2 protein chains.
Amino acid sequence: MASHGARGRSGGRPTLEEVAARAGVGRGTVSRVINGSPRVSDATRAAVEAAVAELGYVPNTAARALAANRTDAIALVVPEPETRFFSEPYFSDMLKGVGAELSDTEMQLLLIFAGSDKERRRLAQYLAAHRVDGVLLVSVHADDPLPDLLAQLDIPAVISGPRSAAETLPSVDSDNYGGARQAVEHLLSRGRRRVAHITGRLDVYGAQRRTEGYRDALSDAGHEVDDALIEPGDFTEEGGSRAMAALLERRPDLDAVFAASDVTAAGARQALREAGRRIPDDVALVGYDDSAIARHMEPPLTSVRQPIEVMGRRMIDLLLTEVADRRPLASRGLDRRQVVLATELVPRSSS
Amino acid sequence: MASHGARGRSGGRPTLEEVAARAGVGRGTVSRVINGSPRVSDATRAAVEAAVAELGYVPNTAARALAANRTDAIALVVPEPETRFFSEPYFSDMLKGVGAELSDTEMQLLLIFAGSDKERRRLAQYLAAHRVDGVLLVSVHADDPLPDLLAQLDIPAVISGPRSAAETLPSVDSDNYGGARQAVEHLLSRGRRRVAHITGRLDVYGAQRRTEGYRDALSDAGHEVDDALIEPGDFTEEGGSRAMAALLERRPDLDAVFAASDVTAAGARQALREAGRRIPDDVALVGYDDSAIARHMEPPLTSVRQPIEVMGRRMIDLLLTEVADRRPLASRGLDRRQVVLATELVPRSSS
DNA sequence: ATCACTGGTGGGAGCGCTCCCACAGTACCT
DNA sequence: AGGTACTGTGGGAGCGCTCCCACCAGTGAT
């Protein structure tokens, strides 16, 4: 853990100037070495590195930020209360990917919750102060003012889950449409014929796409799409349960359900059980997310897995590119950088 | 969200200087107003505030940090991989308390994971660069070098869960000893006579205290402490299960178990069930933490609840005091600031 | 020998603040 | 009238970097 032996006189930490003196070079040269500029001779570089090691020099971030007008920090903004953040394995996986991708960088990651109004005001203030070089936005609703604020402040941002087909921000998403198709095609291949669908919150673009995937998978397979087999949910367990009850009432002959999330599926399972339907014997059930819930459900739930960790990594990729492009005067806005990652169906005994 | 209307010429954000010019005062005066100094006349203050609002001025944190040698940020350091952090509701509750207590402050909270060696090296570097004014340490093992590093760098720190009775750092903890006593006394009051104990990791001070509480509760009630009824665990489910099996083999007549954590209790329950013992009929079970596991267990688990959110708040209290004391030359080291909070037994049907 | 260059280097200027000293103004004693 | 003690204020001097321009060899072409 570094040598903290020798120190500058004033009892404080050594400065660039002191390193320069010790190495017998100028300030500029030390700065070049520290920042890995190639325009330094090997001998000089070695001398500077020795001085750095001897003094235990660590650059002063504040000074660097002031002089270079950058912070070397990016924020992961979660517009939800802490509680949801922790309960959803989604976030933890994403954070893992983000952390991994960031680990060979100098960038520092800040985690900022903006669930309450108060927290959002603080965040706005924080961003206005340009305390981060870029922002990672997760689970943003279509009408959130945050993306606009960021654009206005000219702060690079990447969003996970575009807000619409016309998303202007760089984004990373999984293939919601394709994932939904996989789920429905799987059910059809198992011989199911009356496949119902409980949607997610339809103000979330990804949820819309899943519903579209459901429709297209059915019609492409030569089935007609029966609107009576579609019931809106809201990604919650209660919503799933309520929707399932409604579907059973309307179409008691259904033999399969594609739920827009695992949590929704858990609610649906509850309603099915109360109605005396067996899973998968009477009704096959497929969820979305492949979360812990899916593995622990009774019976284990077939689900569509998203590569969340990879999504985290790709978001960092995009953001770092954005940040780097911002340094000189880069041309932006034209090339929409939207990444879409493939999903995978994980079959279990619920279907 | 602030007015971002008028701007300084250079296209950039307005500076102190510009605010001063606009308000017709000097730089020093604006600085005083911004920092809430009382040595400013009301008229001047009003003029400055107006200028600030008109220009949408936001102080440059880097400049402030450089000039004032502080960062207005503190770090919550978690020496565990992300995964554990997210799975334990402990952390989420603590974070809630910390966030709440920090919300009427200018302080920014950074969440830093230091589970791997690589991450720890980065953290050391980060701390050496003095990028935070203080550190909150959670779940630190007795032999962790982190506290020493912090002391060496002279960075204020507060620890949750002292490393030993001789802890030198300010700390916040719940009353592990008392909590254990509550658990055992509860079991005795229910008529149990052969109360076993599965310990936590005994290199964790809190776990030791729980075991001491178990012993003292028994002997104070006039029971002899039988070492054959004590089996070491490690806070994990497997550990709990293994320990329970060992106990059953050694003392098949036991009629109650106090487990050092809910997770341990979950493991014990498994082993008891496999041995054909009914809970609570044959064996009563009490856990520790009152986590979600306790509520969802079958049967629901009696457990000892710690006021984790409050602990988070108190940690911030202590840390902010430390940080403030550090500004002038305060006398430290003498008054050990150790906070211990009371626990509460939550009885459920497992006992 | 002269004139380009080019890789390597030193150091001034400045980033936007806070700190602190100096000073004007007023008030209240001797 | 002359001190003494404030309160409120302006502005110089940094904080420790990065940026950039100037400069000094050396090298090869003319």
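Here the structure is a predicted model, which is why all the values come from computation and not from measurement.
The residues Asp325(B) and Arg337(B) are annotated as salt-bridged, a charged nitrogen and a carboxylate oxygen being separated by less than 4.0 angstrom.
Inter-residue side-chain proximity for Leu95(B) and Leu109(B) is flagged as met; some heavy-atom pair is nearer than 4.5 Å.
Taking each heavy atom of Tyr57(A) and Pro14(A) in turn, the nearest pair found is CD1-O, 3.3 Å. Considering all non-hydrogen atoms of both residues, His130(B) and Ile155(B) come closest at CE1-CG1, 4.0 Å.
The distance between atom CD of Glu17(A) and atom P of dG12(C), rounded to the nearest whole Å, is 10 Å. Leu16(B) has its CG atom 15 Å from the P atom of dG12(D), to the nearest Å. The distance between atom CZ of Arg27(B) and atom P of dC19(C), rounded to the nearest whole Å, is 13 Å.
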Trace of the salt bridge (Lys or Arg N to Asp or Glu O under 4.0 Å) decision for Asp117(B) with Arg120(B): CA-CA 5 Å; Asp117(B) 272 359; Arg120(B) 291 189 79 96; 5.6 Å; no

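Annotation: of the two residues near DNA chain D, Ala63(B) and Gly28(B), the 5′-most nearest-nucleotide partner is Gly28(B).
The side chain of Arg64(B) contributes an N or O atom lying less than 4.0 Å from OP1 or OP2 of dT18(C).
Each of dG10(C), dG16(C), dG16(D) was ranked by its minimum atom distance to the side chain of Asn60(B); first place goes to dG16(C). Minimum atom distance to the side chain of Leu66(B) is reached by dC15(D), of the listed dC17(C), dG11(C), dC15(D). Looking at the side chain of Tyr57(A), the nearest of the listed nucleotides dC17(D), dC17(C), dG10(D) is dC17(D). Out of dC15(D), dC19(D), dC17(D), the shortest distance to the side chain of Ala68(A) is found at dC19(D). The side chain of Thr29(A) has dG10(C) as its nearest neighbour among dG16(D), dC17(C), dG10(C).
In the displayed structure, Asp148(A) atom CG is contacted under 6.0 Å by more than 12 heavy atoms of other residues, nucleotides or ligands.
Within residues 30-45 of chain A, the residues having any heavy atom closer than 4.0 Å to DNA chain D are, in order of number, Ser31(A), Arg32(A), Asn35(A).
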